[in-house]
Chemist: 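Attaching a single structure in structure tokens format; questions to follow.
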Amino acid sequence: MGSKMSFDKPDPDNAFITLCREIDYQEGPLSGIPIAIKDNISTAGIQTTCGSKILKGYIPPYDAHVITLIRSAGGAIVGKTNMDEFGMGTTTESSAFGPTTNPVDPTRVPGGSSGGSAAAVASGLVRMALGTDTGGSIRCPASFCGIVGLKPTYGRVSRYGLIAYANSLEQIGPLARNVRDCALLYSCIAGYDPRDGTSLDLPAPTPLRSEIQGKRIGVPAEFFGEGVDPAVASVVQSGIQRLEELGAVIVPCSMPSMRYALAAYYVTSMSEASSNLGRYDGVRYGQAPDTVRSWHDAYSEIRRAGFGEEVRRRILLGSFALSAGYQGKYYAKAQAARQMVRDDFERLFESVDIIAGPTMPTVAFRLGETSDPLSMYLADILTVPANLAGVPALSVPCGTAHGMPVGLQLIGRHFAEDEILAAALAFEEGSA
Amino acid sequence: MVSKEDVAHIATIADIGVDESELELFTGQFNAILEYFGILDSVEGMGGATRSRSNVFRDDVVVPSLPHEEILKNSTDPEDGFIRAPRVI
């Protein structure tokens, strides 16, 4: 039996690009729960823009696999959320549809790139949302808005229908106000899909439990290094101490590859972006090119007008990193560094169960605070290692600094989402 | 160091239109970002990313694709069931 729902709420934070006001839903574990979807996940019949002018008006002819799963679980998809253009950003300010504001303090950004999804959850517009995380784009806004966000293991959630930015790094994952809701949405989207060639056929997630007793928690010194605001570090250290009080064993450790992680991440993601975004030429969708001009001129003009500055910057840098004479210097070295990050995690997970540290080095920035791209990239230093290694990671609120939320990041072994969610639940219950 | 000419060349290859005023801005930013990427010079060895990977093959099974009219819906300038593109020569 199908049911209907109306969704007509004000959106003061500009969390949504598209709202669905009348929604049909069916019975299931998510029955009637309003769910927001990041606008880079394909939804049949609902505009999907990736926060970009170049895709304005694009209506996908098919659903992403996660959307099929949410619909069959009874979830009510109430709209598509704002994001940094094509997921390239840490603030949601690079959207062609205007910035989203942080519900905790509207003079600040919600984080990015899944800022609209995080703001929609944090403001109470929806109970849960889907985001995507290429270098921290679920965990960063979860941290900045004071909610829970999970980036699953690479291969655990199908990417079929996710509009690609950097295929080897990105995953779809849930955002919610508490660990239980985050785990509930995760349990509905995890699973095998033959249409995603990197999807793995593994047993379903186990029911959520609260468990921290005896867990060995590694705390790498590098997570508290240069650039981490001392006030944020202090709140996270208190959170880690709370884990110890709840029965965990804290193990100081080191991750030397962190030195290379950010550069490896940006070289890899920009290179993949330069290839992925080659498809936007206005011919099959988007604004039509001037067919009288030569195709180089016509495409250059369409892409100048349709892409924002950050997207063009990354396509250009990615093209440069892959160009003749530079490929060995940048891309090949980045892959070697990526392997070093994987090796570090593998070594650490021989002696610890979970790795903990801050999600972000600071609290949410003020709107317009950082315009220099390199300074903005540096904010991703603590989230990119999990994407490079493909391991699962979540952010759970652990207090405030400067009056703004701070997130505790928990990173687990490949496919150990259940373990980090269990620890996060114990932490959340222990903090209540 | 990359020059304005280098950035203009890459923009031509990537079909990304760049205004003259942006060339200056991008060149400065690229040099700062590439200097940061220089840290990768101290990484020993090359590649290595495929060490823990294995290919998984499947049969090539033909399945129905999306209907023609669904595909054309998003094109702003279709004609007689085709998509129009700019001239190549």
Side-chain angles (χ1 to χ4, degrees), chain A residues 57-62 194 197 259-260 262-264 266-267 274 278 281-305 307 309 312-313 315-317 319-321 323 328-330 332-340 342 372-374 377, chain B residues 2 6-19 22 25-26 28-53 55-58 61 63 66-67 69-79 83-89:
Chain A
Y58 169 66
I59 297 176
Y62 65 96
R259 177 177 153 75
Y260 304 115
L262 196 73
Y266 271 100
V267 169
S274 73
D281 53 21
V283 172
R284 286 146 298 172
Y285 31 73
Q287 300 154 309
D290 180 352
T291 49
V292 177
R293 300 169 74 180
S294 76
W295 68 282
H296 270 304
D297 286 351
Y299 291 169
S300 291
E301 178 51 33
I302 279 277
R303 287 154 68 79
R304 188 194 63 75
F307 286 139
E309 185 183 310
R312 286 187 297 140
R313 185 161 35 241
I315 291 174
L316 289 172
L317 277 164
S319 303
F320 177 75
S323 63
K329 181 174 166 64
Y330 295 110
K333 286 289 185 188
Q335 301 322 299
R338 185 174 186 174
Q339 187 60 48
M340 290 167 74
R342 283 199 196 99
D372 170 54
L374 182 58
Y377 300 166
Chain B
V2 294
D6 294 330
V7 177
H9 176 62
I10 292 290
T12 306
I13 294 173
D15 285 333
I16 289 284
V18 177
D19 297 338
E22 284 181 319
L25 175 75
F26 279 166
Q29 290 172 343
F30 284 11
N31 279 311
I33 293 165
L34 292 171
E35 188 184 336
Y36 180 79
F37 288 171
I39 198 167
L40 295 171
D41 285 342
S42 59
V43 173
E44 299 282 333
M46 299 286 251
T50 55
R51 211 169 66 202
S52 55
R53 301 286 197 281
N55 278 321
V56 179
F57 296 99
R58 63 166 171 78
V61 182
V63 294
L66 288 164
E69 54 277 15
E70 284 293 319
I71 303 293
L72 286 176
K73 262 186 192 165
N74 278 293
S75 172
T76 45
D77 197 18
E79 189 177 306
I83 286 169
R84 280 153 59 103
R87 66 185 173 84
V88 177
I89 45 169

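Here is how names work: the chains are called A, B, and so on, in the same order as the sequence lines, proteins then strands, and each is numbered from 1.
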Chemist: Go through the atoms of B:Phe37 and report whether side chain, backbone, both or neither lie under 4.5 Å from a heavy atom of chain A.
Modeler: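 Backbone plus side chain of B:Phe37, per the 4.5 Å heavy-atom cut-off to chain A.
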Chemist: With respect to chain A, which residue among B:Ile71, B:Asp15, B:Val7 yields the maximal number of heavy-atom pairs within a distance under 4.5 Å?
Modeler: B:Asp15
Chemist: B:Leu25 versus chain A, heavy atoms under 4.5 Å apart: side chain, backbone, both or neither?
Modeler: side chain
Chemist: Name the option with the most non-hydrogen atom pairs under 4.5 Å to chain B; the candidates are A:Leu262, A:Val283, A:Leu374.
Modeler: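 Of the candidates given, the most pairs with chain B belong to A:Val283.
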Chemist: Side-chain contact test, heavy atoms from C-beta onward, threshold under 4.5 Å: evaluate it for B:Ile16 versus A:Ser319 and give yes or no.
Modeler: no
Chemist: Where do B:Ile83 and A:Arg284 come nearest, in terms of heavy atoms and distance?
Modeler: CD1-CG, 3.7 Å
Chemist: To check you understand the geometry: which heavy-atom pair defines the closest contact between B:Ala14 and A:Ile315, and what is its length?
Modeler: CB-CG2, 4.2 Å
Chemist: Between A:Ala334 and chain B, with a heavy-atom cut-off of 4.5 Å, which part of the residue counts as in contact: side chain, backbone, both or neither?
Modeler: both
Chemist: Which value, rounded to the nearest 0.5 Å, describes the distance between B:Leu66 atom CG and A:Tyr62 atom OH?
Modeler: 8.0 Å
Chemist: Please report the closest heavy-atom contact between B:Glu44 and A:Ala336, naming both atoms and the distance.
Modeler: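 B:Glu44 and A:Ala336 have their closest heavy atoms at O-CB, 4.3 Å.
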Chemist: Can you name the closest pair of heavy atoms from A:Leu316 and B:Ile10 and give their distance?
Modeler: O-CG2, 3.4 Å
Chemist: Can you tell which of A:His296, A:Arg293, A:Arg313 has the highest number of heavy-atom pairs within less than 4.5 Å of chain B?
Modeler: A:Arg313
Chemist: Are the side chains of B:Phe30 and A:Phe320 in contact, using a 4.5 Å heavy-atom criterion?
Modeler: no
Chemist: Below 4.5 Å, heavy atoms only, C-beta onward: do B:Ser75 and A:Tyr285 meet side chain to side chain?
Modeler: no
Chemist: For the pair B:Asp41 and A:Lys329, find out whether any cationic side-chain nitrogen is under 4.0 Å from an anionic carboxylate oxygen.
Modeler: yes
Chemist: Do B:Glu22 and A:Arg312 make a side-chain contact, defined as non-hydrogen atoms from C-beta onward lying under 4.5 Å apart?
Modeler: yes
Chemist: Where is the tightest heavy-atom contact between A:Tyr330 and B:Leu40, given as atom of each residue plus distance?
Modeler: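 So the minimum-distance heavy-atom pair works out to O-CD1, 4.1 Å.
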Chemist: Return the NZ to CD1 distance between A:Lys333 and B:Ile39, rounded to the nearest 0.5 Å.
Modeler: 13.0 Å
Chemist: Between B:Pro78, B:Ser42, B:Ala32, which shows the greatest number of heavy-atom pairs under 4.5 Å with chain A?
Modeler: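 Among the listed options, the one with the most contacts to chain A is B:Ser42.
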Chemist: Taking all heavy atoms of A:Met340 and all of B:Val43, pick out the closest pair and write down the distance.
Modeler: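 Scanning both residues, the minimum pair turns out to be SD-CG1, 3.8 Å.
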Chemist: What distance do A:Tyr377 atom OH and B:Tyr36 atom OH have between them, rounded to the nearest 0.5 Å?
Modeler: 12.5 Å
Chemist: Sort B:Val2 into side chain, backbone, both or neither according to what part of it lies under 4.5 angstrom from a heavy atom of chain A.
Modeler: side chain
Chemist: Look at atom CD of B:Glu70 and say whether more than 12 heavy atoms of other residues, nucleotides or ligands are closer to it than 6.0 Å.
Modeler: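 Enclosed: over 12 neighbouring heavy atoms sit under 6.0 Å from CD of B:Glu70.
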Chemist: Are A:Glu309 and B:Gln29 packed together at the side-chain level, in the sense that at least one heavy-atom pair is separated by less than 4.5 angstrom?
Modeler: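 In short, these two side chains touch, coming nearer than 4.5 Å.
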